[in-house]
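A short write-up of the structure that comes next.
Everything quoted here is computed from the prediction, not taken from an experiment.
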Amino acid sequence: MSNKLHNPSVDSLFDAILTLENRDECYAFFMDVCTMNEIASLSQRYEVAGMLRDKKTYLDISEKTGASTATISRVNRSLNYGNDGYEIVWGKLGQQKKD
């Protein structure tokens, strides 16, 4: 995990996120903290990651999500060389990897 991101301010933000108990609380918090475009970008990346995991093509992903090939490539790089964050979440959601 990158140490560049680790600092008390980010720790505080993540601690705040960890207190959220349901979707309504998430909506309230993220709508206050982020712009609509930032939330849309995060959700788009998450959708792209799921589609890459399901072996969809860049063209299919771009057509369904509107994501650019640069965004798809960035998410793909995270899936292949990142910190396994997506896999952690999918595991907690009970979504087994489809190979």
Side-chain angles (χ1 to χ4, degrees):
M1 196 173 310
S2 173
N3 286 331
K4 295 177 188 177
L5 186 63
H6 284 263
N7 66 57
S9 180
V10 175
D11 286 348
S12 180
L13 172 65
F14 290 163
D15 289 344
I17 292 168
L18 289 168
T19 69
L20 301 172
E21 295 183 10
N22 57 51
R23 192 174 292 147
D24 288 338
E25 289 182 3
C26 287
Y27 270 101
F29 180 75
F30 281 94
M31 288 175 67
D32 283 350
V33 172
C34 300
T35 66
M36 301 270 284
N37 285 340
E38 289 167 335
I39 296 169
S41 292
L42 290 171
S43 65
Q44 182 187 62
R45 288 181 199 153
Y46 185 72
E47 184 176 14
V48 166
M51 293 180 76
L52 284 167
R53 186 176 192 236
D54 291 342
K55 308 294 187 210
K56 303 294 184 192
T57 67
Y58 276 35
L59 180 60
D60 289 339
I61 295 168
S62 181
E63 286 176 352
K64 170 122 181 15
T65 67
S68 69
T69 55
T71 295
I72 298 167
S73 180
R74 190 176 320 116
V75 172
N76 194 42
R77 201 168 31 255
S78 292
L79 287 171
N80 291 317
Y81 306 107
N83 296 293
D84 294 325
Y86 289 108
E87 291 299 333
I88 291 167
V89 169
W90 290 326
K92 289 179 182 278
L93 291 171
Q95 298 175 359
Q96 300 303 315
K97 188 171 182 177
K98 300 172 187 173
D99 284 327

Nearest heavy-atom contact between M51 and T65 is SD-CG2, 3.7 Å
Check: K56 main-chain N/O paired with D54 side-chain donor or acceptor under 3.5 Å: no
Calculate, to the nearest 0.5 Å, the distance between atoms CG and CD1 belonging to D60 and I72 respectively. 9.5 Å
Would M36 and L42 show up in the same hydrophobic cluster when neighbours are defined by side-chain heavy atoms closer than 4.5 Å? no
Does E25 use its side chain to pair, donor to acceptor, with the backbone of E21 at less than 3.5 Å? yes
Can a donor-acceptor pair be found, under 3.5 Å and without considering hydrogens, that links the side chain of N83 to the backbone of G85? no
Sub-4.5 Å side-chain heavy-atom contact between L52 and Y58: yes
S62 side-chain N/O to L59 backbone N/O, donor-acceptor pair under 3.5 Å: no
V48 to A67 - nearest heavy-atom pair and separation: CG2-CB, 3.7 Å
Roughly how far apart are T57 OG1 and E63 CD, rounded to 0.5 Å? 7.5 Å
Could you grab the distance from atom CG of L18 to atom CG of D11, nearest 0.5 Å is fine? 10.5 Å
Please determine whether side chain to side chain contact (heavy atoms under 4.5 Å, CB included) holds for the pair L20 and F30, giving the CA-CA distance in whole Å, both sets of side-chain angles, and the decisive distance to 0.1 Å. CA-CA 10 Å; L20 301 172; F30 281 94; 4.1 Å; yes
Any donor-acceptor N/O pair, S12 side chain to P8 backbone, under 3.5 Å: no
Does the side chain to side chain contact (heavy atoms under 4.5 Å, CB included) test come out yes or no for Y27 and I39, once each step is laid out? CA-CA 10 Å; Y27 270 101; I39 296 169; over 6 Å; no
Check: E87 side chain, D84 main-chain N or O, donor-acceptor pair, under 3.5 Å: no
How close do F29 and A16 get, heavy atom to heavy atom, and via which atoms? CZ-CB, 4.2 Å
May I ask whether L5 and V33 are part of the same hydrophobic cluster, defined by side-chain heavy atoms of I, L, V, M, F, W, Y residues being less than 4.5 angstrom apart, directly or through others? yes
What's the shortest heavy-atom distance between Y86 and R45, and which atoms? OH-O, 3.8 Å
